[in-house]
Protein chains: 2
Amino acid sequence: MFIEIDFNSDEALYLQLRNQIILGIATDQFHEGESLPSVRNLADIIGINMHTVNKAYTLLKQEGYVKVDRRNGAVIAVDANQALTLEEIRRELQVTLAKSSCKNITREEIHTLVDEIYDQMGYREI
Amino acid sequence: MFIEIDFNSDEALYLQLRNQIILGIATDQFHEGESLPSVRNLADIIGINMHTVNKAYTLLKQEGYVKVDRRNGAVIAVDANQALTLEEIRRELQVTLAKSSCKNITREEIHTLVDEIYDQMGYREI
DNA sequence: AATAGTGTTATATTCATCATATAACAGCAA
DNA sequence: TTGCTGTTATATGATGAATATAACACTATT
């Protein structure tokens with residue numbers, strides 16, 4: 001369990017936590033079928049409130065990264081609903097690429113950066 | 001001036017406005033040296049408060065997309081400080097690519113998507 | 001000199017969200 | 001029964017978003 005929370009960041013704690021868990025899934029730190037710590041447990045580990053963790057878990061459930069039952073808590077179970085996700089990815093990329101274009105970062109540099117991130121982070125590929 | 005603000009979005013108005021202007025610069029809708037509308041003028045056009053526009057302009061100034069003087073208001077003047085920007089782009093891409101990886105969107109599909117966005121949006125390339 | 005247009009600053013208010021706290025409930029397993 | 005899950009309810013303090021009114025400093029035009 002490596003979850004880094006920056007208490008000085010202006011990003012909401014529950015969003016940082018959600019993003020860190022998504023990163024954990026992509027890097028196979030959390031495997032399909034594995035349970036995440038309970039909301040109370042993880043709250044104690046990080047040192048934040050139970051409800052903040054619960055908010056992150058609820059969001060992860062809505063977005064289709066985990067499924068929840070009362071026996072095992074939040075279980076990694078990615079449902080690959082590409083239709084919804086691809087539109088979200090497109091919107092995010094549109095803004096990110098607009099920024100880079102304004103700053104004279106080339107299209108080729110973006111392609112290189114994508115490959116660098118994939119290789120350095122070791123994102124799982126089917 | 002095509003600026004679309006979604007009043008039902010959960011994204012803050014001043015951030016939407018800032019992103020739309022960055023998109024406008026990247027698509028050469030706003031050219032280097034051109035002035036943006038005054039804060040009061042744009043506020044009237046969109047139908048929001050002057051301070052909300054001012055907040056977006058101040059942020060754009062801090063991020064190096066415009067420079068401001070009292071004669072001509074907010075003038076498009078991109079300073080290409082790549083060092084700072086590249087780190088920001090990397091952080092944003094890390095999370096976006098983690099999401100897509102979880103949803104079984106392949107690396108090749110991302111590369112294709114990047115090219116699609118560049119071509120469809122017509123982002124300026126040096 | 002006067003007027004009108006810039007961005008900027010100050011102050012205040014309303015509203016929503018974030019993060020916290022305490023408490024209880026329903027379901028499952030040992 | 002006991003102890004662990006997620007879930008819900010309610011409340012509170014802090015922060016930020018968006019608004020409103022007002023004024024200030026500077027510049028260009030009349």
Side-chain angles (χ1 to χ4, degrees), chain A residues 1 3-21 25 30 33-79 95, chain B residues 1 3-21 25 30 33-79 95:
Chain A
M1 278 294 302
I3 290 189
E4 293 178 9
I5 300 294
D6 179 7
F7 290 94
N8 295 322
S9 168
D10 55 345
E11 196 177 17
L13 295 181
Y14 81 99
L15 289 178
Q16 287 188 53
L17 181 53
R18 172 262 235 151
N19 286 341
Q20 291 284 314
I21 290 172
I25 299 174
F30 306 128
E34 185 180 346
S35 286
L36 293 174
S38 75
V39 287
R40 291 171 178 82
N41 193 358
L42 186 52
D44 280 348
I45 294 175
I46 303 180
I48 61 177
N49 191 270
M50 179 199 71
H51 293 94
T52 307
V53 178
N54 191 51
K55 201 168 178 179
Y57 280 17
T58 302
L59 186 55
L60 285 166
K61 188 172 74 172
Q62 287 174 357
E63 295 176 331
Y65 293 98
V66 303
K67 292 189 176 176
V68 176
D69 67 85
R70 285 204 159 86
R71 294 189 299 277
N72 303 312
V75 182
I76 307 294
V78 175
D79 85 286
V95 179
Chain B
M1 279 294 301
I3 290 190
E4 294 178 8
I5 300 294
D6 180 5
F7 289 93
N8 294 323
S9 169
D10 56 345
E11 195 178 19
L13 295 182
Y14 81 99
L15 289 178
Q16 288 188 54
L17 182 53
R18 172 263 234 151
N19 286 341
Q20 291 283 316
I21 291 172
I25 299 174
F30 305 127
E34 186 179 346
S35 287
L36 293 175
S38 76
V39 287
R40 292 170 178 83
N41 192 358
L42 186 51
D44 281 347
I45 293 175
I46 303 179
I48 61 178
N49 191 272
M50 179 200 72
H51 292 93
T52 308
V53 177
N54 191 51
K55 202 169 177 178
Y57 280 16
T58 302
L59 186 55
L60 285 166
K61 186 172 75 173
Q62 287 173 358
E63 295 176 333
Y65 293 98
V66 302
K67 292 189 175 177
V68 175
D69 67 86
R70 285 202 157 88
R71 294 189 299 278
N72 303 312
V75 182
I76 309 294
V78 176
D79 85 288
V95 178

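We name chains A, B, ... by the order of the sequence lines, and we start the count at 1 in each one.
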Within this structure, what is the CZ-to-P distance between A:Arg40 and C:dA21, rounded to whole angstrom? 14 Å

Taking only the side-chain nitrogens and oxygens of B:Thr58, find out if one of them lies under 4.0 Å from OP1 or OP2 of C:dG7. no

Side-chain donor or acceptor of A:Gln16 paired with backbone N/O of A:Glu11 under 3.5 Å: yes

Between C:dT20 atom P and A:Met50 atom CE, what is the distance in whole Å? 11 Å

For C:dA19, does OP1 or OP2 lie under 4.0 Å from any side-chain N or O of A:Lys55? no

Among B:Asn41, B:Thr52, B:Leu17, side chain to side chain contact (heavy atoms under 4.5 Å, CB included) partner for B:Ile46: B:Leu17

Please check if the side chain of A:Ser35 supplies one atom and the backbone of A:Asn72 the other of a donor-acceptor pair under 3.5 Å. yes

Any side-chain heavy-atom pair from B:Phe7 and B:Ile48 closer than 4.5 angstrom? yes

Taking A:Val66 as the fixed residue, which of A:Val75, A:Leu59, A:Ile76 is the one that meets the side chain to side chain contact (heavy atoms under 4.5 Å, CB included) rule? A:Ile76

Bounds of contact between DNA chain D and chain B, in 5' to 3' order, using a heavy-atom cut-off under 4.0 Å: D:dA17 to D:dA28

To the nearest 0.5 angstrom, please state how far the CG atom of B:Leu36 sits from the OH atom of B:Tyr57. 4.5 Å

Separation of B:Leu59 atom CG from C:dT8 atom P, in whole Å? 13 Å

To the nearest Å, give me how far apart CG (A:Asp44) and C1' (C:dA21) are. 14 Å

The residue, B:Asn41 or A:Ala12, whose nearest nucleotide of DNA chain C is more 5′ is B:Asn41

Look up atom NZ in B:Lys55 and atom CE in B:Met50, then write down how far apart they are to the nearest 0.5 Å. 13.0 Å

CZ of A:Phe7 versus C1' of C:dT20: gap in Å, rounded? 13 Å

In whole angstrom, give the distance that lies between atom CG of A:Leu17 and atom C1' of C:dA19. 13 Å

5′-ward residue of the pair A:Ser38/B:Ile48 relative to DNA chain D: A:Ser38

Quick one: A:Leu13 CG to C:dC18 P, roughly how many Å, whole number? 10 Å

Comparing A:His51 and A:Gly73 on DNA chain D - which has the more 5′ nearest nucleotide: A:Gly73

Any base atoms under 4.0 Å from B:Lys61, or only sugar-phosphate, or nothing? Heavy atoms, all strands. sugar-phosphate

Strictly below 4.0 Å: does B:Asn54 bring a side-chain N or O up to OP1 or OP2 of C:dT8? yes

Within this structure, what is the CG-to-P distance between B:Asn8 and C:dA16, rounded to whole angstrom? 14 Å

